[in-house]
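Sequence lines set the chain letters: A, B, ... in the order given, protein chains first and strands last, and positions in each chain run from 1. Computed from heavy atoms alone, side chains included, the values below leave out hydrogens, waters and symmetry copies.
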Protein chains: 2
Amino acid sequence: MKKSPCKRNDAYAAMCTCRDMLDVLAQRWTALAIGAMEEGPQRFGQLRSRLEGISPKVLTQTLRRLEDKGLVIRTVYAEVPARVEYELTPLVRSAAEPLSALRTWAEMNSVRPSTSV
Amino acid sequence: MKKSPCKRNDAYAAMCTCRDMLDVLAQRWTALAIGAMEEGPQRFGQLRSRLEGISPKVLTQTLRRLEDKGLVIRTVYAEVPARVEYELTPLVRSAAEPLSALRTWAEMNSVRPSTSV
DNA sequence: CAGTATCCAAAAGGATACTG
DNA sequence: CAGTATCCTTTTGGATACTG
């Protein structure tokens, strides 16, 4: 998919604003990656082991997308060997509440998860 | 993508419950389709014209996925010519609030929409 | 009318080897 | 260590013709 066809009216446009977030959040590892950073900055390798099964390429993609949206900050330390840390921005933390509401809704309504556990 | 690897701990599992919703909601036409049904039941053809540009195959896919999740009800009327109506369930209406919260968050934080006009 | 069937393109995800 | 490069599979979306 490339672009959403959002040009019909305000309601649709507003829905699309949120859809853009959903686009990112719904990607395979995004929510898990955010979860893995919740307790503080994480190095690439740490994320890689916490997100068991993710390939380095996909982890990079996931982190770049989060970075592009301003949800994660990437910090490179001039050390040898290289050290890079990823941390959540206040922006993504402020999303916790609406996301939590959505999660609660999903649980309360027993939306059958095809994924969890 | 097929399955999410959610089996690490409760926090991850909970996140995945919500992820399952995100999976559906983030699909190309889902949010628009829901929007198109907000004022009441819609026939296949009505949806098709309201969702300008959607192909019949994709519309069917979109509606089936919503049906599978219990977000939409499909009713077939024994008439000639055939009449089929799709309507939102109370379940999806109850998601309006958390989704609205997410939308508000996205707007307040100027998450750059790559999609909305 | 309300789809299904077919074929195709693009995007996302993934395994693995290699590098500054 | 923190990625990139390469190649491949799966998923999603799409155009179009056809059918009960």
Side-chain angles (χ1 to χ4, degrees), chain A residues 1-6 16 19-20 22-33 36-37 41-69 72-87 114-115, chain B residues 1-6 16 19-20 22-33 36-37 41-69 72-87 114-115:
Chain A
M1 106 198 68
K2 43 214 104 162
K3 298 290 181 181
S4 290
C6 304
C16 288
R19 242 213 58 138
D20 199 58
L22 295 177
D23 273 343
V24 181
L25 294 172
Q27 311 216 44
R28 186 84 162 74
W29 295 92
T30 301
L32 295 173
M37 285 180 277
Q42 300 284 321
R43 303 180 60 166
F44 190 88
Q46 289 179 303
L47 290 172
R48 205 173 156 184
S49 55
R50 295 192 69 167
L51 305 176
E52 202 181 351
I54 196 169
S55 75
K57 194 200 76 168
V58 173
L59 178 53
T60 301
Q61 281 178 353
T62 302
L63 292 169
R64 289 286 180 281
R65 282 186 284 230
L66 285 169
E67 211 188 336
D68 289 345
K69 290 292 171 193
V72 155
I73 290 177
R74 176 177 180 268
T75 310
V76 184
Y77 295 90
E79 301 176 0
V80 178
R83 181 160 68 99
V84 178
E85 282 189 351
Y86 294 88
E87 64 180 316
S114 62
T115 54
Chain B
M1 105 198 68
K2 44 210 105 163
K3 298 288 179 181
S4 289
C6 304
C16 289
R19 241 214 57 140
D20 199 58
L22 295 177
D23 272 344
V24 181
L25 293 172
Q27 311 217 42
R28 186 81 163 76
W29 296 91
T30 300
L32 296 173
M37 285 180 276
Q42 300 284 320
R43 305 180 58 166
F44 190 88
Q46 289 179 304
L47 290 171
R48 204 173 156 185
S49 54
R50 294 191 71 166
L51 305 175
E52 202 181 352
I54 197 171
S55 76
K57 193 200 76 168
V58 173
L59 179 54
T60 300
Q61 280 179 354
T62 303
L63 292 169
R64 288 287 180 280
R65 281 187 285 233
L66 286 169
E67 211 187 336
D68 289 345
K69 290 292 170 193
V72 155
I73 290 177
R74 176 176 180 267
T75 309
V76 184
Y77 295 89
E79 302 176 359
V80 178
R83 182 161 66 101
V84 178
E85 282 189 351
Y86 294 88
E87 65 180 314
S114 63
T115 53

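If you take CD1 of B:I54 and P of D:dG13, they are 9 Å apart, rounded to a whole angstrom. Between the OH atom of A:Y77 and the P atom of D:dA2 there is a distance of 12 Å, given to the nearest Å. Summarising the geometry, the separation between CG on B:L59 and C1' on D:dA15 is reported as 15 Å, rounded to the nearest angstrom. Rounding to whole angstrom units, CG of residue A:L51 and P of D:dA2 are separated by 14 Å. Rounded to an integer number of Å, the gap from A:E67 CD to D:dA2 P is 15 Å.
At the phosphate of C:dA2, OP1 or OP2 sits under 4.0 Å from a side-chain N or O atom of B:R43. Contact between the side-chain N/O atoms of B:W29 and the OP1/OP2 oxygens of D:dG14 is found at a separation under 4.0 Å. Listed pair B:Q61 / D:dT12 fails the phosphate criterion, with no side-chain N or O lying under 4.0 Å from OP1 or OP2. Contact annotation: A:R65 reaches the phosphate of C:dG13 (side-chain N/O to OP1 or OP2, under 4.0 Å). One finds a side-chain N or O of B:R28 lying less than 4.0 angstrom from the OP1 or OP2 phosphate oxygen of D:dG14.
In this structure, A:T30 contributes its side chain and A:A26 its backbone to no donor-acceptor pair below 3.5 Å.
Proximity of A:L63 to A:L47: side-chain heavy atoms (C-beta onward) are separated by under 4.5 Å at one or more points.
Note that CD of A:Q46 is 11.0 Å distant from CG of A:L51, once rounded to the nearest 0.5 Å. In this structure, the separation between CH2 on B:W29 and OG1 on B:T62 is 8.5 Å, given to the nearest 0.5 Å.
In plain terms, the two heavy atoms of A:E85 and A:P41 that are nearest each other are OE1-CB, 3.6 Å.
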- Query: DNA chain C in dot-bracket, Watson-Crick or G-U pairs under 3.5 Å, [ ] crossing, | other strand?
  - Reply: ||||||||||||||||||||

Could you go over nucleotides 3-8 of chain C and give all protein N or O partners under 3.5 Å, atom names and distances?
from: C:dG3; atom 1: OP1; to: B:R74; atom 2: NE; distance (Å): 3.4
from: C:dG3; atom 1: OP1; to: B:R74; atom 2: NH2; distance (Å): 2.6
from: C:dG3; atom 1: OP2; to: B:Y86; atom 2: OH; distance (Å): 2.5

For residues 72-82 of chain B, dump all side-chain donor-acceptor pairs below 3.5 Å to protein atoms at least two apart in sequence or in another chain.
from: B:R74; atom 1: NE; to: B:Y86; atom 2: OH; distance (Å): 3.3
from: B:E79; atom 1: OE1; to: B:R83; atom 2: NE; distance (Å): 3.1
from: B:E79; atom 1: OE2; to: B:R83; atom 2: NE; distance (Å): 3.4
from: B:E79; atom 1: OE2; to: B:R83; atom 2: NH2; distance (Å): 3.0

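Considering only the side chain of A:S55, C:dG14 comes nearest among C:dC1, D:dG13, C:dG14.
Among residues two or more places apart in sequence or in another chain, the side-chain hydrogen bond (donor to acceptor under 3.5 Å, both in side chains) test is passed with A:R65 by A:Q27.
Along DNA chain D, the nucleotide nearest to B:G53 and the one nearest to A:P81 differ in position, and the one closer to the 5' end is contacted by A:P81.
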- Task: Begin from the C-alpha positions of B:R64 and B:E67 and carry the test side chain to side chain contact (heavy atoms under 4.5 Å, CB included) through to its verdict.
- Result: CA-CA 5 Å; B:R64 288 287 180 280; B:E67 211 187 336; 3.9 Å; yes

